[in-house]
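Below is the structure I would like to discuss, written out as structure tokens.
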There are 2 protein chains.
Amino acid sequence: MFTKQELIEFCDNARKNYLDHISIDCVVFGFHEGQLRVLTLKMKNEESWYLPGGFMLKEEPIEMAANRILKERTGLDEIFLQQFQVFGDPNRSRPHRDMYKDILPASENWFTNRFLTIGYYALVDFVNVNPTPDNHSENCAWYDLTDLPDLKLDHALILKTALDTLRLQLNYQPIGYNLMPKEFTMPELQKLYETILDKKLDRRNFQRRMLGFGILNRSEEPRKGGAHKAPYLYSFDLENYQNALKEGLKGGW
Amino acid sequence: MFTKQELIEFCDNARKNYLDHISIDCVVFGFHEGQLRVLTLKMKNEESWYLPGGFMLKEEPIEMAANRILKERTGLDEIFLQQFQVFGDPNRSRPHRDMYKDILPASENWFTNRFLTIGYYALVDFVNVNPTPDNHSENCAWYDLTDLPDLKLDHALILKTALDTLRLQLNYQPIGYNLMPKEFTMPELQKLYETILDKKLDRRNFQRRMLGFGILNRSEEPRKGGAHKAPYLYSFDLENYQNALKEGLKGGW
DNA sequence: TACTATTGTGTTCAAAATACACCATATTAT
DNA sequence: ATAATATGGTGTATTTTGAACACAATAGTA
């Protein structure tokens, strides 16, 4: 929560640089060792959590804005973000209006204008990534999907919609490139799918189907040093992966 | 194209009523007897065609705005519109800026501000629908997809993206409810799929699969009066149809 | 050296998609 | 009337894909 002084400065700056009425919110899913989590920010002086979001510069392309915002707010860079929906209920920012109504009149408070927010989502390996909060935020935290804090505004809805979209996407697009390390084992990749879908899959059928997509390369050398039998290492075939993103994995008709 | 006087009036009105920086454009696919077409508008005094689009009221929900805009500009009402993507290249409205740069300075011309446009698409039966142009438009026309006029701004991109989305959607969602008459024959429905996909399908396999989805009811009475054997009539089972929209037709994993 | 946990690689059975053939019916040409 | 024809309904064999399941291989450990 802004103090009055901070708010006035923020609004002055925003009016100069940002496009009014449009914001971006990012749902960053993090995965590691069977854990699926979401990146959230806690605002200073406010007992509530938000998805990392922000505003667009007046002449900035949308995708660039999404990447910049995510980087500024969490330090995450070069993350593949996917646009999935615009949220624009006229009342979605009512909590902010209520919060600030006695501090600055609505007419002067750019921050509580109506905003449509463009939802983006991403998948990352949350140990390869080091979220660092920006000035407005007290803390970045990875929350387990089953144990979420109270998300402000419509951010719970945005999160749920992102998850639904991700699960649907799993059926016709490859995932994992931004999420798995360069080399990974088949059981590791399977764990990702199982975690997103919240469902057990058959080892052997998973492998056959996955290989059938033709987006994986198998290394000569299996992983060594672990306990038990040494598994093969796989990596994504970038060209085929990109192609599968465009074309879809298996046509229906 | 606006005259200077019209433009000034339009901008005055827009500033009062519309949300700045956001517009909506609709891709209305029309289908009839094997023809797939797109609804386009020709502006007065301008040799160019547009998708029907417009602006949001300051406190209007997005979906409501999309429906209102489509109705105002074409007369089409109660059409199921599906949001599919936001287009926001900073240069997308450059043609409009160039067009009006000598008529009204950009600082006074709300119309040439930067706009992000939210893309919606719909499918309708174009003989059940009677598009009537609004004041700004000289003409509404259904164009064949293979014979499109020059679409202004980024509207060709929006159309192409909508078509790609529609084709992809065909694989995991039912379509046709807004498009087919209440009762229709299986060959008629097949023709729709073939037209959208631009590909021939097997009659018998199509029917089996379609019925397998469980979203169709067969009437007792076959259609009469046509030449040749009387075909059965089908209608959509609304409840199952809606459910299939939400759940998808066949899960992958 | 046997035990255990994990991974690799089938094989079988069922379901679904594909390819293809035949019958039914309403109009039209003779 | 009757045959020709165009269109629509239904069935069947084959192939492909998906689901369920079992056994062999390997590295660490008791």
Side-chain angles (χ1 to χ4, degrees), chain A residues 33-34 167 170-172 174 176 180-181 183-195 197 199-235 244 247-253, chain B residues 32-34 167 170-174 176 180-181 183-195 197 199-235 244 247-253:
Chain A
E33 289 180 355
R167 284 179 176 155
L170 226 51
N171 292 327
Y172 58 90
M180 305 301 290
E183 300 206 299
F184 48 87
T185 68
M186 195 58 79
E188 284 167 357
L189 184 60
Q190 181 179 340
K191 193 81 192 161
L192 167 63
Y193 274 75
E194 290 184 335
T195 306
L197 294 166
K199 175 202 291 197
K200 281 252 162 256
L201 301 173
D202 183 278
R203 227 157 42 85
R204 300 145 273 194
N205 297 334
F206 177 82
Q207 162 148 333
R208 183 169 327 120
R209 188 160 168 191
M210 211 64 207
L211 291 176
F213 293 154
I215 57 172
L216 293 178
N217 293 322
R218 185 160 96 172
S219 305
E220 293 300 319
E221 293 297 306
R223 168 174 296 170
K224 288 169 182 173
H228 320 298
K229 176 166 180 174
Y232 284 102
L233 288 170
Y234 292 87
S235 57
E247 304 294 326
L249 283 176
K250 42 174 185 183
W253 293 98
Chain B
H32 190 72
E33 289 181 355
R167 284 181 176 152
L170 225 53
N171 292 325
Y172 57 91
Q173 285 198 332
M180 304 301 290
E183 300 205 298
F184 48 88
T185 68
M186 195 57 79
E188 285 166 357
L189 185 60
Q190 181 179 341
K191 194 80 192 161
L192 167 62
Y193 274 74
E194 291 183 334
T195 307
L197 293 167
K199 176 201 291 196
K200 281 252 161 257
L201 300 171
D202 183 277
R203 227 157 42 88
R204 297 145 275 190
N205 297 333
F206 177 83
Q207 163 148 329
R208 183 173 344 180
R209 188 161 167 189
M210 212 64 209
L211 290 176
F213 293 153
I215 56 171
L216 294 178
N217 292 322
R218 185 161 96 173
S219 305
E220 294 299 319
E221 294 297 306
R223 167 173 298 169
K224 287 169 183 173
H228 319 298
K229 175 167 183 176
Y232 284 103
L233 288 170
Y234 293 87
S235 56
E247 304 292 325
L249 283 176
K250 40 173 185 184
W253 292 99

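Just so it is clear: chains get the letters A, B, ... in the order the sequence lines come, proteins before strands, and each one is counted from 1. All values derive from a computational prediction rather than experimental measurement.
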Note to self: Tyr232(A) vs Met186(A), test: side-chain contact (heavy atoms from CB on, under 4.5 Å). Steps then yes/no.
What the structure shows: CA-CA 8 Å; Tyr232(A) 284 102; Met186(A) 195 58 79; over 6 Å; no
Check: Side chains of Leu216(B) and Arg218(B): closer than 4.5 Å at any heavy-atom pair?
Finding: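 Not touching, per the 4.5 Å side-chain cut-off.
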Notebook entry, point to check: Could you state the CZ-P distance from Arg218(A) to dG8(C), rounded to the nearest angstrom?
Noted result: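 Roughly 8 Å, once rounded to whole Å.
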Next item on the list: State, to the nearest 10°, the angle formed by the axis through the first five base pairs of the helix from dT1(C)-dA30(D) to dT30(C)-dA1(D) and the axis through its last five.
Entry: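 So the angle between the two local helix axes works out to 10°.
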Notebook entry, point to check: With respect to the side chain of Arg203(B), which nucleotide from dG8(D), dC21(D), dG8(C) is positioned closest?
Noted result: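 For Arg203(B), the side-chain atoms sit closest to dG8(D).
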Margin query: My understanding is that only residues two or more places apart in sequence, or in another chain, count here; which of them pass side chain to side chain donor-acceptor pair (under 3.5 Å) with Arg204(A)?
Written below: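 Side chain to side chain donor-acceptor pair (under 3.5 Å) check on Arg204(A) returns Asp202(A).
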Next item on the list: Report the residues that fulfil side chain to side chain donor-acceptor pair (under 3.5 Å) with Gln190(B), sequence neighbours left out, ordered by chain and then residue number.
Entry: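 With sequence neighbours excluded, Gln190(B) shows a side chain to side chain donor-acceptor pair (under 3.5 Å) to Glu194(B), given in chain and number order.
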Note to self: From CG of Leu211(A) over to P of dG10(C), roughly how many Å is that when rounded to an integer?
What the structure shows: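 Interatomic distance, CG of Leu211(A) to P of dG10(C): 12 Å.
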Next item on the list: Please state how far atom NZ in Lys200(A) lies from atom C1' in dA20(D), giving the value in whole angstrom units.
Entry: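 After rounding, the gap between these two atoms is 16 Å.
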Item checked: Gap between atoms CZ and P, on Arg204(B) and dA19(C) respectively (whole Å) ->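 Taking atom P of dA19(C) as the reference, CZ of Arg204(B) is at 11 Å.
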Note to self: Students often mix this up, so state it plainly: with edges at 30° and 60°, are the rings of Phe206(A) and Tyr193(A) parallel, tilted or perpendicular?
What the structure shows: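 Phe206(A) vs Tyr193(A) ring planes: perpendicular.
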Notebook entry, point to check: Which listed nucleotide (dA19(D), dT7(C), dT18(C)) is nearest to the side chain of Arg208(A)?
Noted result: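 It is dA19(D).
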Note to self: Rounded to whole Å, please give me the gap between CD in Gln190(A) and P in dG8(C).
What the structure shows: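 Going from Gln190(A) (CD) to dG8(C) (P), I get 11 Å.
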Check: Applying the side-chain contact (heavy atoms from CB on, under 4.5 Å) test to Phe184(A), which of Leu233(A), Leu189(A), Leu192(A) qualifies?
Finding: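 Of all the options given, the one that passes is Leu189(A).
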Check: Could you give the NZ-to-C1' distance, from Lys229(B) to dT28(C), as a whole number of Å?
Finding: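 Interatomic distance, NZ of Lys229(B) to C1' of dT28(C): 19 Å.
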Next item on the list: Find the distance Asn205(B):CG to dT18(C):C1' and express it as a whole number of Å.
Entry: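 Checked: the CG to C1' distance equals 6 Å.
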Note to self: Distance check needed: dA16(C) P versus Gln207(B) CD, whole Å only.
What the structure shows: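 One finds 17 Å between P of dA16(C) and CD of Gln207(B), rounded.
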